[in-house]
Undergrad: 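If you scroll down you'll find the structure; I have some questions about it.
Both counts, for ligands and for their atoms, begin at 1 and track the order of listing.
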Amino acid sequence: MHDSDITPRPTVATIDLDALEHNFSVLNSFVAPAKVMAVIKANAYGHGLLACGRQLERCGAAALGVAFLEEGVALRKAGLKLPILVLGGIFEGQIQDFLTYDLDITASSLEKLTAINARAAESGKRARVHLKIDTGMNRIGVRAGSAPALVEAAVKASHCDVVGIFSHLATADEEPLDDAREQVALFKEVLSGVQSLIPDAVPHIANSAAMLRIKESQLGMVRPGVALFGNEPSPGLRLPVELRQVMKLESRVVFFKVIPAGAGVSYGHRWRAEKQSRLVTIPLGYGDGYTRHYSNVASVLIRGKRYPVVGSVCMDQLMVNIGDDEAYNGDEVVLIGAQGGEKITAGELAELSGTVPHEVTTAISSRVPRRFIRGGKQIKESQV
Ligand SMILES: *Cc1c(COP(=O)(O)O)cnc(C)c1O
């Protein structure tokens with residue numbers, strides 16, 4: 001779809017790999033001596049799996065975390081050598097692929113551990129496993145009370161190397177932090193009972209919010225995702241570090257017109273001009289992941305000024321009211337990112353649409369080409 005022989009519409013997500021490196025090194029120093037597993041699931045939160053994976057490997061990440069087998073395999077096929085943990089639950093039929101592609105496996109129950117060991121024994125390989133303990137997220141993993149049994153079974157499993165033990169926090173991005181602190185305490189209690197059995201297993205529990213807000217959650221390793229991309233874990237959450245937003249979503253004005261007072265704009269005429277107004281149309285819409293929830297509430301930047309999105313966001317186009325100001329066909333429009341002294345963050349859009357910044361960037365669809373920048377120059381994904 002991104003055909004290099006034609007002149008495409010100028011809608012693009014620019015991914016600043018220097019900003020990614022900056023964020024990684026800020027976070028890495030913040031938690032030292034803890035190591036960083038960079039979480040790049042879901043196409044690196046919409047930023048490009050392979051480019052971000054390669055850049056983070058160059059920056060010195062200790063490991064990468066992804067959600068699914070497919071993502072781990074794609075990274076291996078691209079030549080990445082770091083340990084890669086698939087954080088999600090596994091299906092038995094996938095175990096051979098984990099072994100073939102040397103991916104770390106989440107063992108989230110006794111049954112899964114048994115299946116992993118059996119498959120590894122059959123294929124004459126050793127499986128690298130991280131044991132998953134559920135301390136309150138209630139997603140996957142064994143309950144804290146069953147952790148000792150899982151650990152003992154893992155130690156006995158002839159073809160498994162226990163390289164990690166982990167849990168996940170449900171409320172680290174909220175106030176108060178009491179529940180998250182309780183989860184951390186419960187995990188540490190589990191660890192104190194089993195760590196002597198698995199001295200080489202790295203413990204980890206902290207996501208971005210926890211590693212930045214709960215000091216005692218920084219164990220042997222931490223697992224930031226959203227913060228690597230320069231976004232706060234929940235809209236408006238204040239962080240103790242300066243991060244740079246990695247994604248800039250840009251387009252250009254494709255149409256200009258003047259509408260009379262009273263004219264309705266876009267599907268359902270959900271916005272009407274109070275007075276004669278100048279409108280511009282931008283070739284981007286919810287088909288690109290710029291959700292319809294932004295209708296009538298979001299802003300964009302043109303010529304360094306903020307202007308409101310008016311009327312419903314269409315699948316492929318949206319309208320912006322520039323009032324009495326000037327804008328021309330071809331003018332740059334910033335939907336996420338900075339222009340002049342103004343800035344629109346993923347957090348701002350998340351707030352407007354009742355979600356988290358993770359979803360705002362992850363939603364930017366594959367119809368929007370990613371353009372990678374490093375050292376001020378555009379580079380191909382394969383050159384990262
Ligand atoms: C997504 C995820 C993370 C990263 O979370 P952020 O909030 O993006 O930092 C860490 N651990 C697990 C298990 C995850 O699913």
Side-chain angles (χ1 to χ4, degrees), residues 20 23-24 26-28 30-31 34-47 49 52-53 56 61-72 83-90 103-108 112 129-142 163-174 177 179-180 183-184 187 202-214 217-241 243 245-247 345-347 350 355-363:
L20 179 62
N23 297 339
F24 173 82
V26 164
L27 296 169
N28 198 38
F30 189 80
V31 297
K35 301 244 176 297
V36 175
M37 171 189 291
V39 177
I40 53 171
K41 58 197 180 187
N43 198 29
Y45 294 46
H47 295 69
L49 178 72
C52 293
L56 289 159
L64 298 174
V66 293
F68 301 130
L69 171 67
E70 299 87 308
E71 298 169 334
I84 300 172
L85 172 61
V86 173
L87 296 157
I90 58 161
L103 299 169
D104 292 8
I105 316 178
T106 293
S108 53
K112 295 198 197 250
V129 301
H130 291 241
L131 305 176
K132 182 70 189 279
I133 315 303
D134 191 341
T135 54
M137 176 74 174
N138 281 313
R139 192 164 67 177
I140 60 170
V142 300
V163 294
I165 177 165
F166 73 115
S167 190
H168 191 54
L169 298 167
T171 58
D173 61 336
E174 291 178 9
L177 282 170
D179 284 358
Q183 272 196 262
V184 173
F187 186 55
V202 182
H204 47 105
I205 189 170
N207 55 7
S208 300
M211 65 174 272
L212 292 166
R213 306 178 77 213
I214 308 174
S217 73
Q218 298 169 6
L219 303 176
M221 196 151 67
V222 297
R223 304 189 307 266
V226 69
L228 285 171
F229 304 104
N231 294 313
E232 68 275 36
S234 51
L237 193 75
R238 299 189 75 82
L239 300 179
V241 289
L243 302 174
Q245 192 162 263
V246 175
M247 180 187 288
T345 64
T355 185
V356 285
H358 314 57
E359 188 178 353
V360 170
T361 58
T362 305

Undergrad: Below 4.0 angstrom from a heavy atom of Arg223, which ligand 1 atoms are there? Numbered from 1 as shown, please.
TA: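 Close to Arg223: 3 (C), 4 (C), 9 (O), 10 (C), 11 (N), 12 (C), 13 (C).
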
Undergrad: Can you name the closest pair of heavy atoms from Val184 and Ser217 and give their distance?
TA: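 Residues Val184 and Ser217, closest heavy atoms: CG2-CB, 3.9 Å.
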
Undergrad: Would you say that Val202 contacts Val163 through its side chain, given a criterion of any heavy-atom pair below 4.5 Å between the two side chains?
TA: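 Answer no - side chains too far apart.
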
Undergrad: Please determine if Lys132 has a nitrogen or oxygen closer than 3.5 Å to a nitrogen or oxygen of ligand 1.
TA: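 No, there is no polar N/O contact under 3.5 Å.
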
Undergrad: His204 vs His130 aromatic rings, parallel, tilted or perpendicular, using cut-offs 30° and 60°?
TA: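 Perpendicular, since the angle between the ring planes exceeds 60°.
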
Undergrad: Heavy-atom distance under 4.5 Å between the side chains of Val246 and Tyr45, does that happen here?
TA: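 Contact flag for Val246/Tyr45 side chains = no.
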
Undergrad: Backbone N or O of Leu239 within a donor-acceptor pair of the Glu232 side chain at under 3.5 Å?
TA: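 Here the side-chain-to-backbone pair does not exist.
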
Undergrad: At less than 4.0 angstrom from any non-hydrogen atom of Lys41, what atoms of ligand 1 do you find?
TA: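 Ligand 1 atoms under the 4.0 Å threshold to Lys41: 1 (C), 2 (C), 3 (C), 14 (C), 15 (O).
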
Undergrad: For Tyr45, take its heavy atoms, then give the atoms of ligand 1 lying under 4.0 Å from any of them.
TA: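 What qualifies from ligand 1 is 1 (C), 4 (C), 5 (O), 6 (P), 8 (O).
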
Undergrad: For Val86 and Glu71, run side chain to side chain contact (heavy atoms under 4.5 Å, CB included): C-alpha distance rounded to whole Å, both residues' side-chain angles, the deciding distance at 0.1 Å, then the answer.
TA: CA-CA 8 Å; Val86 173; Glu71 298 169 334; over 6 Å; no

Undergrad: Show which atoms of ligand 1 fall inside a sub-4.0 Å distance from at least one heavy-atom site of Gly225.
TA: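 Result: 4 (C), 6 (P), 8 (O), 9 (O).
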
Undergrad: Only counting residues at least two apart or in another chain, list the ones meeting ring pair (Phe, Tyr, Trp, His ring centres under 6.0 Å) with Phe187.
TA: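 Per chain and number, Phe187 pairs via ring pair (Phe, Tyr, Trp, His ring centres under 6.0 Å) with no residue.
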
Undergrad: Could you tell me, atom by atom, which parts of ligand 1 come under 4.0 Å of a heavy atom of Val226?
TA: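 It comes down to these atoms of ligand 1: 6 (P), 7 (O), 8 (O), 9 (O).
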
Undergrad: For ligand 1, which atoms have a heavy atom of Arg139 less than 4.0 angstrom away?
TA: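 Per the distance check, 13 (C), 15 (O).
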
Undergrad: Is there a heavy atom of Met37 sitting under 4.0 angstrom from any atom of ligand 1?
TA: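 For ligand 1, residue contact (heavy atoms, under 4.0 Å) with Met37 is absent.
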
Undergrad: I need the contact type for Glu232 against ligand 1. Using non-hydrogen atoms and a strict under-4.0 Å cut-off, is it side chain, backbone, both or neither?
TA: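 Neither; no heavy atom under 4.0 Å.
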
Undergrad: With heavy-atom distances below 4.5 Å as the criterion, would you say the side chains of Ile205 and Thr135 are in contact?
TA: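 Of all side-chain heavy-atom pairs linking Thr135 with Ile205, at least one is under 4.5 Å.
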
Undergrad: Heavy-atom contacts with His358 under 4.0 Å: which atoms of ligand 1 show up? List them by number with element.
TA: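 In order of number, 6 (P), 7 (O), 8 (O).
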
Undergrad: Is the shortest heavy-atom distance from the side chain of Pro224 to the side chain of Val36 under 4.5 Å?
TA: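 Yes, side chains in contact.
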
Undergrad: Would you mind checking which non-hydrogen protein atom is closest to atom 9 (O) of ligand 1, with the distance to 0.1 Å?
TA: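 Looking only at protein heavy atoms, the one closest to atom 9 (O) of ligand 1 is Ser208 OG, 2.5 Å.
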
Undergrad: Answer with yes or no whether Pro224 contacts ligand 1, where contact means a heavy atom under 4.0 Å from a ligand atom.
TA: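 Yes; Pro224 lies near enough to ligand 1 that a heavy-atom distance drops under 4.0 Å.
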
Undergrad: Determine whether the side chain, the backbone, both or neither of His168 has a heavy atom under 4.0 Å from any heavy atom of ligand 1.
TA: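 The answer is the side chain.
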
